[in-house]
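Data first, discussion second: the structure below is written as structure tokens.
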Amino acid sequence: MTRYRRLWFLLIAIVGVTFTLLGYFGAEVYRAAPPIPDRVVSATGDILMTEESILDGQTAWQSVGGMQLGSIWGHGAYQAPDWTADWLHRELENWLDIAAREEYGQDWHSLNGQQQNALQYDLKSEYRSNTYNENTGTLKLSERRVAAIAETADYYSRLFSDAPELRGTRENYAMKENTLPSAERREQMTEFFFWTAWAAATERPDSDVTYTNNWPHEPLIDNRPSGENVVWSLISVVLLIAGVGGLIWAWAFLRKEDEEPEAPISDPLSSVGLTPSQKALGKYLVLVVGLFTFQVMLGGFTAHYTVEGQGFYGFNTSEWFPYSLMRTWHIQAAMFWIATGFLAAGLFLAPIINGGKDPKFQKLGVDILFWALVAVVGGSFIGNFLAINQIMPANLSFMLGHQGYEYVDLGRLWQIGKFLGIVFWLVLMLRGIVPALRQPGDKNLLALLTASVVAIGLFYGAGFFYGERTHISIMEFWRWWIVHLWVEGFFEVFATAALAFIFCSMGLVSRTVATSASLASASLFMLGGVPGTFHHLYFSGTTTPVMAVGATFSALEVVPLVVLGYEAWENWRLKSRAPWMENIRWPLTFFVAVAFWNMLGAGVLGFMINPPIALYYIQGLNTTPTHAHAALFGVYGFLALGFALMILRYIRPRIVFDERLMRVGFWWLNIGLVLMLFTSLLPIGIIQFVASASEGLWYARSEAFMQSDILQTLRWVRTIGDVVFIIGALAVAWQVVKGVFFPDLEPVSNEPSIDGGVSELKA
């Protein structure tokens with residue numbers, strides 16, 4: 001411990017301070033969330049809606065797929081409109097038409113400039129003024145606004161039904177016919193849409209910005225970036241430059257060059273006899289590539305819905321398999337197979353950490369966990385299908401069907417099952433780790449790995465801090481604990497520590513170098529990653545301090561990524577340390593890809609959307625999936641596949657990788673991802689950004705704009721990248737399937753097997 005004391009103290013201090021910030025300003029999210037009125041009344045006192053009916057509308061929206069069909073406050077899918085921005089603009093236009101007819105006897109667009117300016121001044125005054133009474137819990141609206149709301153609600157009620165006059169619009173939005181069959185629930189859903197738009201247009205008490213920090217951009221009522229938005233954006237850029245400069249300085253002057261150990265003449269991991277639990281991991285690898293292939297196919301299916309909204313090359317598939325369901329399965333499959341790859345990596349390491357032997361009943365535990373994962377995957381997918389197709393009773397939808405929230409779409413029961421599975425994995429891991437921690441020797445790297453395993457096991461539970469009727473601002477706070485903090489934080493630390501432990505166990509890097517680098521990396525990840533969670537919440541009903549913390553620390557998330565080129569080179573250089581390293585060249589190659597995509601996808605494309613001023617205009621546009629695809633698959637996908645290939649190499653020691661398959665798999669995956677991003681998603685996002693900045697978010701997501709010729713062409717162009725990517729995915733999947741089930745079809749490795757080596761692997 002003495003050698004690494006400063007690094008441990010630094011890591012503990014960073015974790016303590018950053019989680020304090022996250023908790024303190026998380027309380028601000030609770031305190032300052034936009035109020036849901038007890039009653040919304042007209043000027044004459046008629047009750048229009050209540051808190052209960054608004055929350056009923058929220059549950060109705062969740063049941064049709066929620067964030068997988070359009071978005072709310074910019075979070076969700078991208079083909080249908082952002083319902084907040086779309087509702088707000090339609091209501092504003094309806095108000096102006098009603099006012100023009102009442103005051104001038106003409107439609108709004110028929111008025112002269114002076115008349116339009118006068119009405120627009122009245123519009124801004126009415127909509128930005130806060131008429132909510134905190135003491136009585138009542139929101140009072142003018143009769144003119146009530147009429148505008150009624151006209152807007154009628155449009156949405158028809159849109160989500162099977163009204164023939166809006167069939168073309170539903171097709172362009174990739175909505176199935178009769179999306180929400182119940183007229184009562186459609187009416188409730190319109191009340192929820194209204195409330196989200198009310199919060200986006202109404203200024204906070206004693207403030208000149210709305211509850212959503214003036215988001216979305218809406219020129220009709222002067223919703224524009226606030227001064228704080230610009231200030232904190234500039235600060236985030238300055239901090240990024242300062243952080244990168246500081247890291248380069250530290251890297252150049254403080255980093256010590258440690259002498260590399262002499263590589264062993266044979267692979268120490270191959271010297272250890274396989275345990276029963278390790279041999280049982282083959283089915284995990286098949287599940288990884290099976291779900292990966294399924295997810296990739298669904299991605300192509302979902303992308304095609306953006307050009308043929310209710311069909312697939314002429315076949316009407318939306319009746320049972322609509323866009324919202326395909327996108328749900330696409331994202332959930334990714335979460336499942338990537339997580340399974342990480343869990344398998346941990347289970348492979350547990351016996352090695354334990355001195356090359358299984359704890360009692362470890363294989364039984366590995367088998368039970370596998371079938372539990374299969375049950376959760378199957379149950380959640382079936383629940384999604386029944387909920388989105390409105391077969392499941394409404395009162396069961398959240399629990400068994402679809403939560404409605406992106407990345408945590410699975411019903412709550414299946415979410416509980418997933419959490420219990422992860423906790424069970426934690427128990428299996430600790431059974432191998434705890435005895436090793438009691439042994440003499442340097443245990444610092446193992447301690448860091450243990451801490452990351454515990455965090456992965458427990459922090460998924462953050463998803464239980466919200467429920468079906470929880471305020472959406474509070475829900476967003478906890479949802480990003482999973483999507484950002486659990487995935488991008490603790491999985492990152494686990495991956496770093498696990499790879500360091502593997503390379504150290506192989507004798508390729510010294511324990512001192514592996515431990516120091518892992519502790520330093522963990523500190524950097526936590527410094528920006530923990531409070532950086534708030535950069536997802538700029539416009540989700542939070543206040544300026546939340547924006548300030550999010551902008552400041554999310555800039556620092558990019559800092560450690562600037563040295564990943566060096567990390568990639570170091571990983572690639574390992575293949576030449578010893579002749580036997582050729583046997584794991586392909587897993588190493590995938591780890592090199594992880595470093596590249598971490599720099600480009602998480603770093604460059606991530607910071608592109610992180611500053612508040614950038615996200616103000618592009619939240620909810622195709623710039624977001626550009627970053628998401630590059631970071632989620634490029635980093636965690638390649639990492640999970642690399643883990644799978646490395647495990648395969650050791651649990652099937654007779655095989656070597658098929659060079660042709662692996663070249664096709666690796667390069668076509670990378671080239672396909674590049675084509676997908678830079679010939680389709682990013683160009684569409686940039687074109688949308690121009691429209692959002694000039695006209696407003698409603699226009700950038702509107703039917704007219706999204707169906708323009710240039711965007712249609714770019715969506716078709718994506719097919720090229722998708723096909724290339726699918727071929728690469730199939731090649732990798734077939735390599736794993738062949739290796740697991742038909743190892744004798746592979747060339748036999750000439751690597752000599754040398755007894756012993758167990759002592760080298762004891763942690």
Side-chain angles (χ1 to χ4, degrees), residues 57-88 156 159-160 170 172-176 179-180 189-190 192-193 195-197 199-200 212 215-216 298-299 302-303 305-306 309 322-332 334-335 384 387-388 397-398 401-410 466 470-473 475-480 482-484 535-541 609 615-629 632 681 684-685 688 692 697-698 700-703 706:
Q58 178 176 304
T59 66
W61 165 73
Q62 291 164 346
S63 73
V64 298
M67 290 179 176
Q68 302 297 358
L69 183 63
S71 57
I72 291 289
W73 289 348
H75 294 299
Y78 310 99
Q79 183 65 12
D82 179 86
W83 304 118
T84 301
D86 191 68
W87 175 289
L88 178 60
Y156 279 101
L159 178 65
F160 280 82
R170 282 190 292 274
N172 290 332
Y173 289 165
M175 296 172 63
K176 63 177 291 186
T179 304
L180 186 57
M189 186 173 66
T190 64
F192 172 65
F193 287 172
W195 174 81
T196 67
T212 57
W215 186 94
L298 287 174
T302 305
Y305 269 138
T306 64
Y323 171 89
S324 55
L325 178 62
M326 294 296 96
R327 192 173 188 272
T328 296
W329 283 353
H330 175 63
I331 291 177
Q332 284 303 301
M335 300 295 286
N384 295 153
I388 287 178
S397 183
F398 185 86
H402 202 298
Q403 290 190 36
Y405 298 127
E406 196 175 27
Y407 292 102
V408 282
D409 307 88
L410 70 174
Y466 66 85
T470 298
H471 191 294
I472 194 170
S473 295
M475 179 284 302
E476 284 283 51
F477 172 67
W478 292 111
R479 182 174 77 94
W480 287 109
I482 297 176
V483 182
H484 178 92
H535 84 258
H536 299 283
L537 302 175
Y538 294 154
F539 312 117
S540 296
I609 64 174
L615 202 57
Y616 180 85
Y617 289 110
I618 62 180
Q619 179 160 290
L621 305 184
N622 276 270
T623 45
T624 302
T626 302
H627 159 64
H629 281 79
L632 185 60
L681 285 175
I684 291 173
Q688 283 185 295
S692 175
L697 179 67
W698 69 272
R701 291 279 296 273
S702 67
E703 179 183 8
M706 291 296 289

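Note that the structure is a prediction, hence the values are computed from the model and not measured. Worth knowing before you read on, the calculation uses all heavy atoms, side chains too, and leaves out hydrogens, waters and symmetry mates.
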(request) Please identify each residue that fulfils ring-ring contact (aromatic ring centres under 6.0 Å, His included) with Y78, with sequence neighbours left out. (result) none
(message) Could you tell me if the side chain of W698 sits less than 4.5 Å from the side chain of L88, heavy atoms only?
(response) no
(request) Mark yes or no for whether T626, through its side chain, and N622, through its backbone, hold a donor-acceptor pair below 3.5 Å. (result) yes
(message) Once salt bridge (charged side-chain N to carboxylate O under 4.0 Å, His left out) is applied, do any residues pair with D86, and if so which ones, sequence neighbours excluded?
(response) R90
(message) Are H536 and H75 an aromatic pair, judged by ring center distance below 6.0 Å?
(response) no
(message) Does either side chain, that of Y405 or that of Q62, offer a donor lying less than 3.5 Å from an acceptor on the other one?
(response) yes
(request) Take Y156 and F193 through the side-chain contact (heavy atoms from CB on, under 4.5 Å) test and state the conclusion after the steps. (result) CA-CA 9 Å; Y156 279 101; F193 287 172; 4.1 Å; yes
(request) Answer with yes or no whether the side chains of Q332 and N384 bring together a donor and an acceptor at under 3.5 Å. (result) no
(request) Measure centre to centre between the rings of W478 and Y466, then say whether the value is under 6.0 Å. (result) no
(request) Examine distances only and state if a side-chain atom of Y173 and a backbone atom of G70 form a donor-acceptor pair shorter than 3.5 Å. (result) no
(message) If you define the side chain from C-beta out and look only at heavy atoms, does anything of L632 sit under 4.5 Å from Y407?
(response) yes
(message) Just to verify, what does R479 make a salt bridge (charged side-chain N to carboxylate O under 4.0 Å, His left out) with, not counting sequence neighbours?
(response) E476
(request) Could you tell me whether the side chain of Q619 and the main chain of W73 form a donor-acceptor pair under 3.5 Å? (result) yes
